2 protein chains.
Amino acid sequence: MARNTINISGNLFGLILAVLESAPLHGYGIAREIESRSADALSFGEGTLYPALRALEQDRFIESGWDTSGPGAARKVYSLTPSGTQELARVRQAWLDYSRSVDKVMGAQARPTTA
Amino acid sequence: MARNTINISGNLFGLILAVLESAPLHGYGIAREIESRSADALSFGEGTLYPALRALEQDRFIESGWDTSGPGAARKVYSLTPSGTQELARVRQAWLDYSRSVDKVMGAQARPTTA
DNA sequence: AAGTATACATCGATTATCGATGTATTGCCA
DNA sequence: TGGCAATACATCGATAATCGATGTATACTT
């Protein structure tokens with residue numbers, strides 16, 4: 001990757017949790033949903049996704065179960081735990097604080113203070 | 001550092017370039033200025049700062065000279081090159097694109113489209 | 001029959017950032 | 001005048017996040 005390209009940059013956990021807030025979803029679907037919501041601006045490979053899911057599950061922010069009902073390969077479906085909902089609120093606030101701070105330093109437009 | 005803490009996260013180069021856009025400044029002063037503009041929300045140690053300055057200088061986005069006029073230790077004063085001004089425009093746009101995308105996925109307020 | 005999309009997973013490499021440590025000067029205050 | 005904090009440079013190893021490549025398998029489409 002070219003140096004200094006802004007990619008996922010530390011927000012992957014928040015992105016995943018935010019997607020799971022809407023509904024339980026399997027790994028592959030989470031990645032597609034993040035791409036879709038961001039109009040393909042945010043995208044990452046499996047080597048980024050699956051370790052992140054494992055870390056979030058280990059921290060009990062998400063939990064998983066296998067869905068073998070549909071056709072095709074079995075899907076590992078993840079859902080937010082109560083602790084994960086709390087964590088989402090935390091990282092969402094952290095993101096707002098951080099991005100407003102960067103805006104200030106970079107001299108971008110102020111965004112509404114409504115958190 | 002705790003896992004999943006949003007820190008500088010890939011924007012350090014942009015932050016430095018943005019500060020230097022206002023006026024030439026030495027390393028220590030750049031760090032203080034970023035802290036000050038962000039109300040201490042963005043902060044980092046010398047082990048982060050100096051390698052970043054060296055990389056930016058190697059890429060010819062900034063250039064340096066020693067200021068021995070004042071009291072105290074000599075200051076290495078950095079200033080933006082024309083190429084650095086271009087680079088700043090590029091990373092500033094990249095930051096806006098990126099942060100708007102994260103906002104979309106995280107479900108934050110939309111920020112004004114005025115770039 | 002071939003190719004694409006879905007869906008899981010691992011692995012090593014790279015890179016950014018962190019945290020600790022070191023040197024030296026200046027100014028302040030007790 | 002002794003000590004501490006602030007200023008100001010710098011290096012170094014550790015860590016953690018992310019990348020990119022690779023692998024398996026099924027399903028659907030052409």
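Fair warning: this is a prediction, and the values are worked out from it, not measured in the lab. Only heavy atoms go into these numbers, but all of them, side chains included; no hydrogens, no water, no symmetry mates. Protein chains get the first letters and strands the later ones, always in sequence-line order, with residue 1 at the start of each.
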Side-chain atoms of residues 67-80 of chain A: list all donor-acceptor pairs with protein atoms under 3.5 Å, sequence neighbours left out, distances to 0.1 Å.
from, atom 1, to, atom 2, distance (Å)
A:Asp67, OD1, A:Ser69, N, 3.0
A:Asp67, OD1, A:Ser69, OG, 2.7

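For B:Val77 and A:Pro51, each mapped to the nucleotide of DNA chain D holding its nearest heavy atom, the one lying further toward the 5' end belongs to B:Val77.
For residues 22-37 of chain A, proximity to DNA chain C is found at A:His26, A:Gly27, A:Tyr28, defined as any non-hydrogen atom under 4.0 angstrom from a strand atom.
Nearest heavy atoms, A:Pro51 versus A:Glu46: CD-O, 3.7 Å. When all heavy atoms of A:Leu53 and A:Ile62 are compared, the closest pair comes out as O-CD1, 3.6 Å. Taking all atoms of both residues into account, the shortest heavy-atom contact from A:Leu17 to A:Gly84 is CD1-O, 4.3 Å. A:Phe13 approaches A:Ala52 most closely through the heavy-atom pair CE1-CB, 3.6 Å. Closest heavy-atom contact between B:Leu25 and B:Val19: CD2-CG1, 4.0 Å.
Between A:Glu57 and A:Arg54 no salt bridge is recorded (no basic side-chain N to carboxylate O distance below 4.0 Å).
Following rounding to the nearest Å, B:Leu49 (CG) and D:dC9 (P) show an atom-to-atom distance of 8 Å. Across the protein-nucleic acid pair, B:Arg54 atom CZ and D:dT11 atom P stand 4 Å apart, rounded to whole Å. When rounded to the nearest whole Å, the span between CG of B:Asp67 and P of D:dT7 equals 16 Å. C:dT15 atom P lies 12 Å from atom CG of B:Asp59, rounded to whole Å. In this entry the distance linking CG of B:Leu56 with P of C:dA16 reads 11 Å, nearest Å. In this structure, B:Tyr50 places its OH atom 18 Å from C1' of C:dA16, rounding to the nearest Å. In this entry the distance linking CZ of B:Phe44 with C1' of C:dT17 reads 11 Å, nearest Å. Note: CG (A:Leu15) to P (D:dA17) measures 14 Å, nearest angstrom.
With D:dC9, C:dA7, D:dT11 as the choices, the nucleotide that has an atom nearest any side-chain atom of B:Trp66 turns out to be D:dC9. Of the candidate nucleotides D:dC9, C:dC18, C:dA9, D:dC9 has the atom lying nearest to any side-chain atom of B:Lys76.
Residue pairs meeting the salt bridge (charged side-chain N to carboxylate O under 4.0 Å, His left out) criterion with at least one member in residues 12-29 of chain B, sequence neighbours excluded: B:Glu21-B:Arg92.
Comparing the start and finish of the helix from C:dA1-D:dT30 to C:dA30-D:dT1, five pairs each, the helix axis swings through 20°, to the nearest 10 degrees.
Without hydrogens or angle criteria, B:Ser99 side chain to B:Trp95 main chain gives a donor-acceptor distance under 3.5 Å. Not a single donor-acceptor pair under 3.5 Å links the side chain of B:Ser38 to the backbone N or O of A:Ser101.
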**OP:** Determine, for nucleotides 21-30 of chain D in 5'-to-3' order, which nucleotides have protein heavy atoms under 4.0 Å from the base (write B), from only the sugar-phosphate (write S), or from neither (write -).
**Re:** B----SS---
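For B:Ser22, the side chain to side chain contact (heavy atoms under 4.5 Å, CB included) test picks out B:Arg37, with sequence neighbours left out.
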